[in-house]
Amino acid sequence: MPADLSKVVGFELPDKPVAWNQRDLLTYAVGVGAKNDEFHFIYELNPGFAPIPTYPVVLQLKGDGQDVNLFADRVKGRPIPGMPPLDPKRVVHATQSIQIIKDIPLASGPGWTWKTRYTGISENKTGIVLTAENKLVSPDGEVYAKLYSSSFNLGAKATGEKYTKVIAGPPNAKPIPKDRATKPDYTVTESTTPEQAIVFRLSGDYNPLHIDPRIGQGAGFGGVILHGLSTYGFAARAVIKAVGGNDPKSLRFFGVRFTSPVKPGDKLETQIWEVGPGPEGTTEVTFITKNVNTGKIALGGGIAYVRKSSAQAKL
């Protein structure tokens, strides 16, 4: 059937069951760099033990299983009406955001679902950008998190003409303040480890690109690269630590653009600027995460809404 991008927006996928337990939360925490002084993320007997609030981003690939899965089957998905054929080898994760509506429990139990509908499509001369809205829904129908992710399908073509249709999406980051561009309000620097991707994949993303050097070399990355969502988690921890006083419940919204790859072992520097009040008593921040090893920005267009702690100190 001929491609018709107007049919894409609004299309919903069947609900997917998802589940997690405390071990999953611990595994994710280590996969995004949690250290031995962050007991509230890494030690289940700590009185303040809580999930890192970005944890739900991994559930789309993890699903409700506890064993490894075949990445190719997870991303194959159901055909989307109106979309042209896509090459999975030329798909790049472009953006990711999460709005934490309610704090998730330490273990899900049965009955949680992942709902997906497509809310945006854009074609230009280099490819097609597809945006999906995802919701994490409890057994009683309450929405705990709303997420938006977009994928850039390099070289994909429907009509060859420019086309855009969007019905919903996340807020965009405010620009870095020009008068403070070289003086962030907070800077957090951390190193990933050479084994970072090996650990993060255990949260559910078993893409061979992140463990098999031959795949990364064939894709032009020169070897293994770190999951974008691991870098995403590093940046979230940085914002929670610097702005939210290390309170797991301080982060209410977090979004980025993925702009350049990180290799396991690279050092990351997250620079954060306060840019005004956010919704529901939060502070809005703009941030970027630089790859110190390459000098490139790994995460751009960073935006977060954070409940500031009165006791937090600038780092």
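One-based numbering along the sequence shown. None of these values were measured; they are calculated from a predicted model.
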Any side-chain heavy-atom pair of Thr231 and Phe258 under 4.5 Å = no
query = Same hydrophobic cluster for Leu25 and Ile240, using side-chain heavy-atom links shorter than 4.5 Å among ILVMFWY?
reply = yes
query = Quick one: do Leu26 and Leu106 end up in the same hydrophobic cluster if we chain Ile, Leu, Val, Met, Phe, Trp and Tyr together by side-chain heavy atoms under 4.5 Å apart?
reply = yes
inquiry  = Return the OG1 to CZ distance between Thr282 and Arg307, rounded to the nearest 0.5 Å.
reply    = 8.0 Å
ask   = Judged by atom type as modelled, is there a donor-acceptor pair below 3.5 Å linking the side chain of Ser250 to the main-chain atoms of Lys308?
value = no
query = What's the verdict on side chain to side chain contact (heavy atoms under 4.5 Å, CB included) for Arg201 and Ile211, showing C-alpha distance, side-chain angles and the deciding distance?
reply = CA-CA 9 Å; Arg201 70 193 302 267; Ile211 195 167; 3.8 Å; yes
request  = For residues Pro84 and Asn153, determine if any side-chain heavy atom of one lies less than 4.5 Å from a side-chain heavy atom of the other.
outcome  = no
ask   = With a 3.5 Å cut-off and no angle check, do the side chains of Ser150 and Thr131 form a donor-acceptor pair?
value = no
request  = Check whether any side-chain heavy atom of Ile121 lies under 4.5 Å from a side-chain heavy atom of Thr164, and answer yes or no.
outcome  = no
request  = Check step by step if side chain to side chain contact (heavy atoms under 4.5 Å, CB included) holds for Leu147 and Gln99.
outcome  = CA-CA 6 Å; Leu147 307 89; Gln99 177 189 358; over 6 Å; no
query = Does Lys146 reach the main-chain N or O of Ser97 with its side chain, forming a donor-acceptor pair under 3.5 Å?
reply = no
inquiry  = Would you compute the distance between atom OH of Tyr163 and atom CG of Asp4 and round it to the nearest 0.5 angstrom?
reply    = 7.0 Å
ask   = Any side-chain heavy atom of Ile80 within less than 4.5 Å of one from Leu130?
value = yes
inquiry  = Please report the interatomic distance CZ(Phe41) to CD1(Ile52), rounded to the nearest 0.5 Å.
reply    = 5.0 Å
inquiry  = Would you compute the distance between atom CG of Asp37 and atom CG of Asn246 and round it to the nearest 0.5 angstrom?
reply    = 8.0 Å
task = Determine the minimum heavy-atom distance between Tyr144 and Pro105, stating which atoms define it.
result = CE2-CD, 4.2 Å
Same cluster (ILVMFWY, side-chain, under 4.5 Å), Ile101 and Val137 = yes
query = So, the side chain of Lys35 versus the backbone of Gly33: is there a donor-acceptor pair under 3.5 Å, distance only?
reply = yes
note = Looking only at heavy atoms, the pair that brings Thr116 and Ala132 closest together is CG2-CB, 4.1 Å
task = Would you indicate whether the side-chain heavy atoms of Asp64 and Lys16 approach each other to under 4.5 Å?
result = no
ask   = Once you round to the nearest 0.5 Å, how far does CG of Asn207 lie from CD1 of Ile225?
value = 8.0 Å
inquiry  = Is a donor from one side chain sitting under 3.5 angstrom from an acceptor on the other, for Thr270 and Tyr186?
reply    = no
ask   = Would you find a donor on one side and an acceptor on the other, under 3.5 Å apart, between the side chain of Glu269 and the backbone of Thr187?
value = no
query = Quick one: does Ser230's side chain have a donor or acceptor within less than 3.5 Å of a partner on His227's backbone?
reply = no
request  = Give a yes or no on whether the backbone of Gln96 and the side-chain of Arg257 come within a donor-acceptor separation of less than 3.5 Å.
outcome  = no
request  = Measure across Thr289 and Ala235 and return the closest heavy-atom pair with its distance rounded to 0.1 Å.
outcome  = OG1-CB, 3.5 Å
key: Aromatic plane relationship, Tyr232 with Phe254 - under 30° parallel, 30 to 60° tilted, over 60° perpendicular   = perpendicular
ask   = Has the side chain of Thr286 got a donor or acceptor atom that lies under 3.5 Å from a matching backbone atom of Lys174?
value = yes
query = Closest approach of Leu61 and Asp205, non-hydrogen atoms and distance?
reply = CD1-CG, 3.6 Å
Mutual orientation of the aromatic rings belonging to Tyr305 and Phe253 [parallel < 30°, tilted 30-60°, perpendicular > 60°] = tilted
request  = Could you please spell out the steps behind the salt bridge (Lys or Arg N to Asp or Glu O under 4.0 Å) verdict for Glu123 and Lys157?
outcome  = CA-CA 7 Å; Glu123 179 178 3; Lys157 182 181 293 187; over 6 Å; no
key: ILVMFWY network linking Trp112 to Tyr28, side-chain heavy atoms under 4.5 angstrom   = yes
remark   = Nearest heavy-atom contact between Gly301 and Ala173 is O-CB, 3.4 Å
task = Please determine if Glu38 and Arg237 form a salt bridge, counting it only when a charged side-chain N lies under 4.0 Å from a carboxylate O.
result = yes
task = Using a 4.5 Å cut-off on heavy atoms from C-beta on, say whether the side chain of Tyr55 contacts that of Trp20.
result = yes
inquiry  = If only side-chain N and O atoms count, and only distance matters, is there a donor-acceptor pair under 3.5 Å linking Gln271 with Asp185?
reply    = no
key: Main-chain N/O of Arg23 paired to Thr27 side chain as donor or acceptor, under 3.5 Å   = yes
query = So, Glu133 and Arg117, do they make that salt bridge, N to O below 4.0 Å?
reply = yes
ask   = Between Trp114 and Asp15, is any side-chain donor less than 3.5 angstrom from a side-chain acceptor?
value = no
task = Work out which heavy atom in Ile215 is nearest to a heavy atom in Pro208; give both atom names and the distance.
result = CG1-CB, 4.0 Å
query = Short question: side chain of Arg252, backbone of Lys249 - any donor-acceptor pair under 3.5 Å?
reply = yes
task = Decide yes or no for Leu299 and Ile288: does some side-chain heavy atom of the first lie under 4.5 Å from some side-chain heavy atom of the second?
result = no
Short side-chain to backbone donor-acceptor contact, Thr192 and Asp266, under 3.5 Å = yes
query = Hey, any chance Leu59 and Ile104 share a hydrophobic cluster, counting ILVMFWY side chains that come within less than 4.5 Å of each other, even indirectly?
reply = yes
ask   = Can you find a pair of side-chain heavy atoms, one from Phe200 and one from His210, that are under 4.5 Å apart?
value = no
task = Please assess Ser149 against Asn134 for the test side chain to side chain contact (heavy atoms under 4.5 Å, CB included), listing each intermediate value before the final yes or no.
result = CA-CA 8 Å; Ser149 63; Asn134 301 290; 3.8 Å; yes
Spatial distance of atom CG (Leu202) from atom CG (Asp24) [nearest 0.5 Å] = 10.0 Å
Lys/Arg-Asp/Glu bridge criterion (N-O < 4.0 Å) met for Lys102, Glu142 = yes
request  = Begin from the C-alpha positions of Asn291 and Ile297 and carry the test side chain to side chain contact (heavy atoms under 4.5 Å, CB included) through to its verdict.
outcome  = CA-CA 6 Å; Asn291 184 332; Ile297 295 175; over 6 Å; no
